[in-house]
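Note sheet for the following structure.
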Amino acid sequence: MEQLHLNVSLLRRRVPNLTKAAKSVGLRPATVSNLCTGKISVGKTEVRTLVALANLAGCSLDELIIRGERYEMIETGIKSIDLFAPLAKKGTAGLVVARPGMGQLVVLAEIFHRLKNHGYKIVLLHPEGDYPEVSDLKEDLDVICYTVEEAEEEVLNIGKAKEVLFIADRSYVIDGTIVKLQEKWTDLKSVTTFLLDLKGEAIDENLPYGPLETLWHFDSDLAARRIYPAIHPLQSTSTVLEGANLEQNHFYIQQKAKKHLRRYKELRSIVQVSGMDPLSSADQQVYKRGELLEAYLSQPFYVAENFTGIKGEHVPLDQTLRDTRKILDGAEDHKLAKELMSIGALL
């Protein structure tokens with residue numbers, strides 16, 4: 001049976017005071033609340049209730065109801081990922097880079113290091129060819145497979161009792177292997193797939209991996225300025241950000257941050273050429289806060305401690321949301337961007 005969910009983000013955006021509005025059309029606020037949290041199934045809800053909600057939101061029933069699986073977020077404690085492109089549990093995540101050296105394998109190694117401590121088992125289908133950089137991942141791997149058949153069997157065995165992170169090269173997507181494997185793993189506890197682009201070719205294609213639940217786009221400008229992880233906040237995305245999947249406060253802060261960083265990036269090109277003088281006082285404030293937020297989203301990793309000499313930091317999503325809002329609201333305006341570089345949470 002197809003899974004149905006209420007598009008809560010759309011509903012709350014269109015109807016700010018939902019409780020009062022629900023009462024005004026004869027709906028019980030408790031019923032609407034339980035629909036929004038999933039305590040009441042959309043499939044068992046009276047049609048007149050759904051029609052009334054759609055009318056309040058000024059949308060169609062198709063827009064109000066999300067069909068398909070609801071994706072749960074795997075919280076990583078990595079600020080830029082959890083805020084802008086959360087990892088979708090049981091989904092497929094693709095990593096897009098323009099060229100080697102932008103940190104895709106370091107980000108993966110960090111995620112594996114963190115999630116292994118939460119009971120995940122990690123299985124790598126080793127790419128064909130000579131890729132010595134893959135050794136950077138091996139410390140936290142549980143199983144390395146060298147054939148598709150071996151990978152299928154290992155995940156089937158482990159996935160009955162444990163949650164699995166499965167890594168494969170993009171070449172296995174192109175020939176249809178990944179889709180076939182995922183179809184065989186649907187009844188397992190949880191398999192989340194990561195796709196690598198070790199040749200650096202995917203950046204030139206519109207759909208480099210096919211359908212994805214999570215896409216992390218690496219930013220050459222951030223990497224050049226040594227702001228890591230160099231994950232592009234505007235081009236990275238996740239199905240967790242859609243509709244009923246996302247908690248409302250996260251949606252609001254994420255959207256506000258993206259809008260601010262988009263303007264900041266536009267202003268940066270002016271400042272690089274002509275300095276701050278051409279900017280209005282309002283734009284100078286936008287630039288200042290964008291610079292602070294960009295610096296704050298950098299983060300020291302546990303797996304890089306031996307190279308950087310900086311202790312790795314884990315920042316819970318709730319803390320990231322609070323800190324981001326403080327920066328956007330001006331509470332950190334007295335600080336310099338360099339004070340927020342490579343830190344965890346705000347002090």
Side-chain angles (χ1 to χ4, degrees), residues 1-77 81-93 118 163 182 185-192 211-215 236-259 316-322 324-325 328:
M1 181 178 176
E2 187 174 34
Q3 297 185 47
L4 304 176
H5 307 285
L6 204 64
N7 192 336
V8 179
S9 292
L10 173 66
L11 186 59
R12 292 196 183 280
R13 288 199 305 273
R14 298 279 184 88
V15 192
N17 193 335
L18 189 54
T19 301
K20 184 177 180 181
K23 284 182 178 179
S24 72
V25 294
L27 297 179
R28 293 180 65 242
T31 299
V32 176
S33 175
N34 287 335
L35 264 172
C36 290
T37 59
K39 291 180 181 178
I40 296 178
S41 166
V42 171
K44 295 180 180 179
T45 303
E46 291 184 5
V47 173
R48 68 178 186 86
T49 300
L50 297 175
V51 169
L53 288 174
N55 287 338
L56 283 174
C59 67
S60 66
L61 282 175
D62 282 342
E63 291 174 299
L64 183 69
I65 298 171
I66 297 173
R67 293 167 171 81
E69 185 173 0
R70 177 172 179 162
Y71 284 97
E72 177 186 346
M73 172 184 176
I74 299 178
E75 188 172 328
T76 66
I81 287 177
D82 292 348
L83 177 60
F84 293 112
L87 178 58
K89 189 172 186 177
K90 299 184 182 180
T92 302
H118 289 84
E163 294 179 308
Q182 289 174 330
W185 296 337
T186 52
D187 294 330
L188 299 180
K189 189 170 183 180
S190 165
V191 180
T192 303
L212 291 173
E213 281 67 55
T214 308
L215 172 65
S236 300
T237 189
S238 167
T239 54
V240 175
L241 302 175
E242 297 174 0
N245 294 309
L246 193 65
E247 191 269 332
Q248 186 66 16
N249 185 50
H250 187 169
F251 177 84
Y252 170 78
I253 294 174
Q254 185 256 2
Q255 289 292 301
K256 188 175 180 180
K258 285 185 75 169
K259 181 178 179 181
L317 174 62
D318 287 348
Q319 184 68 53
T320 296
L321 295 176
R322 286 194 295 271
T324 299
R325 187 156 193 169
L328 294 176

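Note that these values count all heavy atoms, side chains included, but never hydrogens, waters or copies made by symmetry.
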Exercise for the section: Can you establish whether the number of heavy atoms outside K259 located under 6.0 Å from its atom NZ is more than 12? Expected result: no
Practice task
Working to the nearest 0.5 Å, report the span between CG of L212 and OG1 of T237.
Solution key: 10.5 Å
Fill in the blank from the handout: Heavy-atom closest pair (G58 atom, R14 atom, distance to 0.1 Å) is O-NH1, 3.3 Å
Practice task
Working to the nearest 0.5 Å, report the span between CG of L241 and CD of E213.
Solution key: 12.5 Å
Exercise for the section: Scan residues 41-59 for pairs that pass salt bridge (charged side-chain N to carboxylate O under 4.0 Å, His left out), counting only residues two or more places apart or in two chains. Expected result: E46-R48
Problem - Closest non-hydrogen atom pair, S238 against P86 - result: OG-O, 2.6 Å
Problem - Residue list, side-chain contact (heavy atoms from CB on, under 4.5 Å) with S190, at least two apart or on another chain - result: K89, K90, E163, T192
Handout entry: Chi angles and distances behind the side chain to side chain contact (heavy atoms under 4.5 Å, CB included) call for I74, H118
Key = CA-CA 11 Å; I74 299 178; H118 289 84; over 6 Å; no
Exercise for the section: List the atom of T324, the atom of A257, and the distance in Å for their closest heavy-atom pair. Expected result: CG2-CB, 4.0 Å
Completion exercise
Output for pair (R28 CZ, T49 OG1), nearest 0.5 Å, gives 10.5 Å
Exercise for the section: Taking all heavy atoms of V32 and all of A22, pick out the closest pair and write down the distance. Expected result: CG2-CB, 3.8 Å
Completion exercise
By side chain to side chain donor-acceptor pair (under 3.5 Å), T214 pairs with (sequence neighbours left out) none
Completion exercise
In this structure, CZ of F84 is separated from CD of Q255 (nearest 0.5 Å) by 10.0 Å
Problem - Pairing residues for E63 by the side-chain contact (heavy atoms from CB on, under 4.5 Å) criterion, not counting sequence neighbours - result: L10, C59, S60
Handout entry: Residues that R325 engages under side-chain contact (heavy atoms from CB on, under 4.5 Å), provided they are two or more places apart
Key = N249, Y252, I253, D329
Problem - Under 3.5 Å donor-acceptor, D82 side chain and T76 backbone - result: yes
Practice task
Output every pair passing salt bridge (charged side-chain N to carboxylate O under 4.0 Å, His left out) with a member in residues 15-27, not counting sequence neighbours, ordered by first then second residue.
Solution key: none
Handout entry: Rounded distance (nearest 0.5 Å) linking atom CG of L56 with atom CG of L64
Key = 10.0 Å
Exercise for the section: Determine, step by step, whether Q182 and V191 satisfy the side chain to side chain contact (heavy atoms under 4.5 Å, CB included) criterion, reporting the C-alpha distance in whole Å, the side-chain angles of both residues, the deciding distance to 0.1 Å, and the verdict. Expected result: CA-CA 8 Å; Q182 289 174 330; V191 180; over 6 Å; no
Handout entry: Interatomic spacing from CG in L27 to CG in L50 - rounded to 0.5 Å
Key = 9.5 Å
Practice task
Work out which heavy atom in L321 is nearest to a heavy atom in L83; give both atom names and the distance.
Solution key: CD2-CD1, 3.7 Å
